[in-house]
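First the structure, in the form of structure tokens, and then the observations on it.
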Amino acid sequence: MPSRISDVFRAHPVHLHQKQYLDFNSVKELPESYAWAKFNNDYPSSVASSKEESVPVIDLHHPNALTVMGHACRTWGVFQVINHGVPEDILHQSLREGKNLFSLPMQQKLKAARSPGGISGYGVARIAPFFEKLMWSEGFTIVGSPLEHAQQLWPHDYTGFCDVIREYKKEMKKLAGRLMWLVLGSLGISKEDLKWAGPRGDFSGAAAALQLNSYPACPDPDRAMGLGVHTDSTLLTILLQNNTSGLQVLKEGSGWINVPPIPGALVINLGDMLQILSNGLYQSVPHRAVVNRTQQRLSIAYLYGPPDSVLISPIPKLVGPACPPIYRSVTWTEYLQRKAKYFNRGLSSVRIHATKNGLQDVNDKIV
Ligand SMILES: C=C1C[C@]23C[C@H]1CC[C@H]2[C@@]12CCC[C@@](C)(C(=O)O1)[C@H]2[C@@H]3C(=O)O
Ligand SMILES: O=C(O)CCC(=O)C(=O)O
Ligand SMILES: [Fe+2]
């Protein structure tokens with residue numbers, strides 16, 4: 001069992017064919033391998049809701065932020081935050097660096113290609129093998145320092161990228177720690193209840209991955225999928241999107257709901273590790289990204305998880321005779337490995353008495 005997240009995919013390498021690295025700009029018609037099947041809930045244009053429902057927007061400076069967040073976590077598993085304290089120029093600079101990266105010629109990007117058993121670098125989403133059709137997107141994953149891959153992309157000019165990424169990660173780490181205490185606070189959990197948050201309660205040992213995503217303009221957007229439905233394996237994910245729509249979340253009883261970009265706002269979604277920690281009180285949210293005909297869409301996901309070696313299990317304060325723990329304990333590295341193997345059955349695979357009581361995980365309903 002690997003002890004660091006950079007090693008988690010050694011046992012589940014992804015081997016890609018050359019044709020999975022599509023030069024999107026040169027394609028005038030959607031190739032069959034990218035055309036998703038109709039009459040399937042995953043079909044991109046099976047968009048939802050006629051009801052006027054929208055993902056909550058939370059002002060982090062508002063005195064009621066904690067209460068509103070509790071409600072958002074219980075009913076949505078996703079919300080947007082404003083007044084979050086991350087300087088706007090850092091957000092802009094990061095999106096600009098992402099745009100530059102994906103604008104490089106394909107042969108240059110392939111110099112930084114993710115290796116089959118690796119986690120960092122350029123390539124298709126890690127979950128791609130679980131879908132029959134290919135996705136209309138490209139990604140660049142950063143775990144730890146971006147230096148090695150940045151040098152491959154820009155041999156003489158990599159420091160600008162690295163500086164911006166370092167700064168972005170620093171801001172995200174700070175914000176993620178604050179968000180954790182708000183989310184946990186809304187469950188009545190305080191610093192004494194979570195020793196692994198560290199002596200200062202700042203989650204200093206937390207692990208994270210940064211994922212840059214690009215969704216090029218697409219000649220046939222109604223039949224193409226940018227990123228297939230999934231939940232994140234995280235505690236929480238902080239997502240920055242450029243000014244182009246595409247993110248959708250699956251809400252129980254409502255269907256697919258768009259999460260429109262709001263200038264300066266960040267999207268927060270709850271992941272599988274938080275579902276375990278909260279003993280299912282808060283659930284991870286299934287989401288996907290669709291594409292459009294005219295505009296490139298960019299997003300940057302900060303995938304935030306517990307320290308590599310910490311065993312995560314339902315917080316004792318949230319369990320009792322009436323609500324026994326429904327998940328066994330698991331480290332993030334073990335969980336990421338399970339996800340690589342079982343994908344949307346990852347959570348069920350660590351569930352205690354998986355189906356005996358008839359309870360279902362939210363993930364059992366997708367795909
Ligand atoms: C730390 C993580 C979290 C990973 C795996 C590993 C590195 C890359 C992350 C993503 C990023 C894109 C969506 C996702 C679903 C994917 O395909 O790769 C994520 C996945 C997960 O949340 O499971
Ligand atoms: O691009 C998006 O809006 C979603 C990206 C995403 O879900 C991810 O990177 O995990
Ligand atoms: Fe995601």
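The basis for the numbers below is simple: all heavy atoms, side chains too, and nothing from hydrogens, waters or symmetry mates. Just so you know, ligand 1 is whichever comes first in the structure, and atom 1 is the first atom listed for that ligand.
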Among all the protein's non-hydrogen atoms, which is closest to [atom], and how far away is it?
| atom | value |
| --- | --- |
| atom 3 (O) of ligand 2 | Arg297 NH2, 2.8 Å |
| atom 6 (C) of ligand 2 | Leu227 CD2, 3.5 Å |
| atom 9 (O) of ligand 2 | Asn213 ND2, 3.1 Å |
| atom 4 (C) of ligand 2 | Tyr215 OH, 3.8 Å |

For this session: Please confirm whether Leu227 comes within less than 3.5 Å of ligand 1 when only nitrogen or oxygen atoms on both sides are compared.
Result: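 Not met; the criterion fails.
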Give a yes or no on whether the backbone of [Y] and the side-chain of [X] come within a donor-acceptor separation of less than 3.5 Å.
| X | Y | result |
| --- | --- | --- |
| Trp181 | Lys191 | no |
| Lys133 | Glu32 | yes |
| Glu138 | Phe24 | no |
| Ser120 | Val143 | yes |
| Asn279 | Ile315 | no |
| Arg114 | Val124 | yes |

Exercise. Taking only residues two or more places apart in sequence or in another chain, which ones pass side chain to side chain contact (heavy atoms under 4.5 Å, CB included) with His156?
Worked result: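 Scan of His156 (side chain to side chain contact (heavy atoms under 4.5 Å, CB included), adjacent residues dropped) gives none.
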Between [X] and ligand 2, which residue portion shows a heavy-atom distance shorter than 4.0 Å: side chain, backbone, both, or neither?
| X | result |
| --- | --- |
| Arg288 | neither |
| Asp232 | side chain |
| Leu239 | side chain |

For this session: Find out whether Lys169 and Ile165 are in side-chain contact, i.e. whether some heavy atom of one side chain is under 4.5 Å from a heavy atom of the other.
Result: yes
Problem set entry | Test of ring centre spacing under 6.0 Å for Phe131 and Phe343 | yes
Problem set entry | Residue portion contacting ligand 1 (non-hydrogen atoms closer than 4.0 Å) for Arg126 |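 The part of Arg126 near ligand 1 is both the backbone and the side chain.
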For this session: Classify the contact between Trp332 and ligand 1 as side chain, backbone, both or neither, using a heavy-atom distance cut-off of under 4.0 Å.
Result: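 Just the side chain.
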For this session: Please verify whether a non-hydrogen atom of Gln241 lies at under 4.0 Å from ligand 2.
Result: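 No, Gln241 has no heavy atom closer than 4.0 Å to ligand 2.
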Exercise. Quick one: which of Gly123, Ser120, Ser233 has a heavy atom closest to atom 21 (C) of ligand 1?
Worked result: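 That would be Ser233.
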Seminar exercise, completed: Of Leu303, Thr237, Ile5, the residue with the heavy atom nearest atom 9 (C) of ligand 1 is Leu303
Can you tell me if [X] and [Y] form a side-chain donor-acceptor pair at under 3.5 Å?
| X | Y | value |
| --- | --- | --- |
| Tyr327 | Gln275 | yes |
| Asp272 | Thr231 | yes |
| Ser186 | Tyr282 | yes |

Numbered atoms of ligand 1 (with element) below 4.0 Å of [X], judged on heavy atoms:
| X | result |
| --- | --- |
| Ala209 | 1 (C) |
| Asp232 | 22 (O) |
| Ile127 | 15 (C), 17 (O) |

Problem set entry | Interfacing atoms of ligand 2 (cut-off 4.0 Å, heavy-atom, Ala301) |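 Matching atoms, with element in brackets: 9 (O).
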Problem set entry | His287, any N or O under 3.5 Å of ligand 2 N or O | yes
For this session: State the count of protein N/O/S atoms located less than 2.8 Å away from the Fe ion (ligand 3).
Result: 3
For this session: Look at the rings of Phe102 and Tyr122 and say which category their plane angle falls in: under 30° parallel, 30 to 60° tilted, over 60° perpendicular.
Result: tilted
